[in-house]
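Everything below concerns the one structure shown next.
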Amino acid sequence: MIDLMDSHLPTTEAAVTACRALADEYLREIEVTHDIGADQTSRRSAAGVGVTTDPDGTLPHEAYVEFGGLPRVTVRLYPEDDALISVEGVEFPDVPRDEVPAFLRSVFADRAFVKARRFPPGYRLVVPLPGDRTYKERVPMIGLTPWLSGKVR
């Protein structure tokens with residue numbers, strides 16, 4: 001088994017491989033879509049018509065990963081070493097690519113929770129990672145899905 005907690009993921013493909021391993025470990029279906037080339041990746045719209053490589057000659061690689069089951073989780077892996085992770089519609093932008101496996105493991109292992117606040121009223125989805133690191137994002141009041149409601153503390 002690959003140690004996904006402390007691994008460095010130098011490429012988008014390495015991160016996709018880690019996502020596939022987590023899908024196998026947690027018995028989840030996975031669907032991956034790859035976008036390769038500066039004319040295909042979402043952050044390269046200014047690349048120009050017909051341009052597929054970066055100025056250094058490399059092909060940027062972006063991937064979109066969708067996991068089956070609950071909670072609904074998607075990951076967009078960017079060529080710039082970061083990711084956008086969505087859990088039940090709550091988006092966590094700018095997650096470093098190296099932290100994606102730990103983030104997903106926390107969600108799939110049922111360690112993520114929703115923190116409720118009475119005044120002013122509100123909710124935050126909290127995803128704890130090893131080493132006392134956490135990711136927190138606001139949950140819209142009308143966006144509280146059944147899965148998120150079941151995680152309220």
Side-chain angles (χ1 to χ4, degrees), residues 1-45 47 52 54 58-117 122-153:
M1 176 182 238
I2 304 170
D3 181 15
L4 300 173
M5 297 304 283
D6 296 317
S7 62
H8 172 62
L9 303 172
T11 65
T12 298
E13 191 58 38
V16 169
T17 300
C19 288
R20 288 185 193 279
L22 282 165
D24 287 345
E25 181 179 341
Y26 288 97
L27 305 174
R28 288 178 164 256
E29 292 183 15
I30 186 172
E31 187 173 320
V32 180
T33 305
H34 296 273
D35 294 316
I36 300 173
D39 60 337
Q40 299 295 312
T41 57
S42 65
R43 292 186 177 172
R44 310 292 175 135
S45 59
T52 59
D54 280 342
T58 61
L59 287 171
H61 178 193
E62 182 174 297
Y64 180 76
V65 180
E66 188 171 0
F67 292 90
L70 289 176
R72 294 171 307 182
V73 176
T74 62
V75 180
R76 179 164 297 281
L77 297 159
Y78 296 108
E80 293 88 7
D81 300 333
D82 67 327
L84 167 68
I85 302 177
S86 175
V87 179
E88 286 291 309
V90 179
E91 293 187 343
F92 292 83
D94 303 321
V95 176
R97 183 176 20 200
D98 290 344
E99 292 193 351
V100 168
F103 187 104
L104 294 174
R105 185 178 300 275
S106 182
V107 171
F108 296 152
D110 213 25
R111 289 190 292 265
F113 61 93
V114 175
K115 185 173 183 175
R117 189 177 58 208
Y123 298 98
R124 287 197 177 276
L125 178 56
V126 179
V127 181
L129 272 58
D132 293 331
R133 295 170 299 166
T134 59
Y135 285 91
K136 301 174 186 177
E137 285 296 330
R138 191 178 72 74
V139 178
M141 295 289 264
I142 59 172
L144 211 55
T145 66
W147 184 86
L148 290 168
S149 293
K151 302 295 175 200
V152 174
R153 289 186 184 173

Can Phe108 and Phe67 be said to form a ring pair (Phe, Tyr, Trp, His ring centres under 6.0 Å), step by step?
CA-CA 10 Å; Phe108 296 152; Phe67 292 90; 5.1 Å; yes
Could you grab the distance from atom CD of Glu66 to atom CD of Glu31, nearest 0.5 Å is fine?
6.0 Å
Side chain Ser106, main chain Pro128, donor-acceptor under 3.5 Å
yes
Distance (rounded to the nearest 0.5 Å) between Thr74 OG1 and Leu84 CG:
6.5 Å
Rounded to the nearest 0.5 Å, how far apart are OH of Tyr135 and CZ of Phe103?
8.0 Å
With Leu77, the side-chain contact (heavy atoms from CB on, under 4.5 Å) member among Val65, Thr11, Val32
Val65
Which atom pairs, donor and acceptor, lie under 3.5 Å between side-chain atoms of residues 142-153 and protein residues at least two apart or in another chain?
residue : atom : partner : partner atom : Å
Thr145  : OG1  : Glu88   : OE1          : 2.8
Thr145  : OG1  : Leu148  : N            : 3.3
Ser149  : OG   : Thr145  : O            : 3.1
Lys151  : NZ   : Asp110  : OD1          : 2.4
Lys151  : NZ   : Asp110  : OD2          : 3.3

Is there a donor-acceptor pair closer than 3.5 Å between any side-chain N or O of Arg28 and the backbone N or O of Leu70?
yes
Enter the distance from Leu22:CG to Leu27:CG here, rounded to the nearest 0.5 Å.
12.0 Å
Would you compute the distance between atom CD of Glu99 and atom CG of Asp82 and round it to the nearest 0.5 angstrom?
11.5 Å
Between Tyr123 and Ala116 the two heavy atoms that sit nearest each other are CE2-CB, 3.7 Å
Testing the basics here: between Val127 and Ala112, what is the closest heavy-atom pair and its distance to 0.1 Å?
CG2-CB, 4.1 Å
Taking C-beta and beyond as the side chain, do Glu91 and Glu137 meet within less than 4.5 Å on heavy atoms?
no
State, to 0.1 Å, how close Arg105 and Tyr26 come at their nearest heavy-atom pair, and which atoms those are.
CG-OH, 3.3 Å
Determine the minimum heavy-atom distance between Ala18 and Leu9, stating which atoms define it.
CB-CD2, 4.3 Å
Looking at Asp98 and His8, would you say the former's side chain and the latter's main chain have a donor-acceptor pair under 3.5 Å?
no
Distance-only, no hydrogens or angles: does the Arg133 side chain make a donor-acceptor pair with backbone N or O of Pro130 under 3.5 Å?
yes
For the OG atom of Ser86 and the CZ atom of Arg76, what is their distance to the nearest 0.5 Å?
11.5 Å
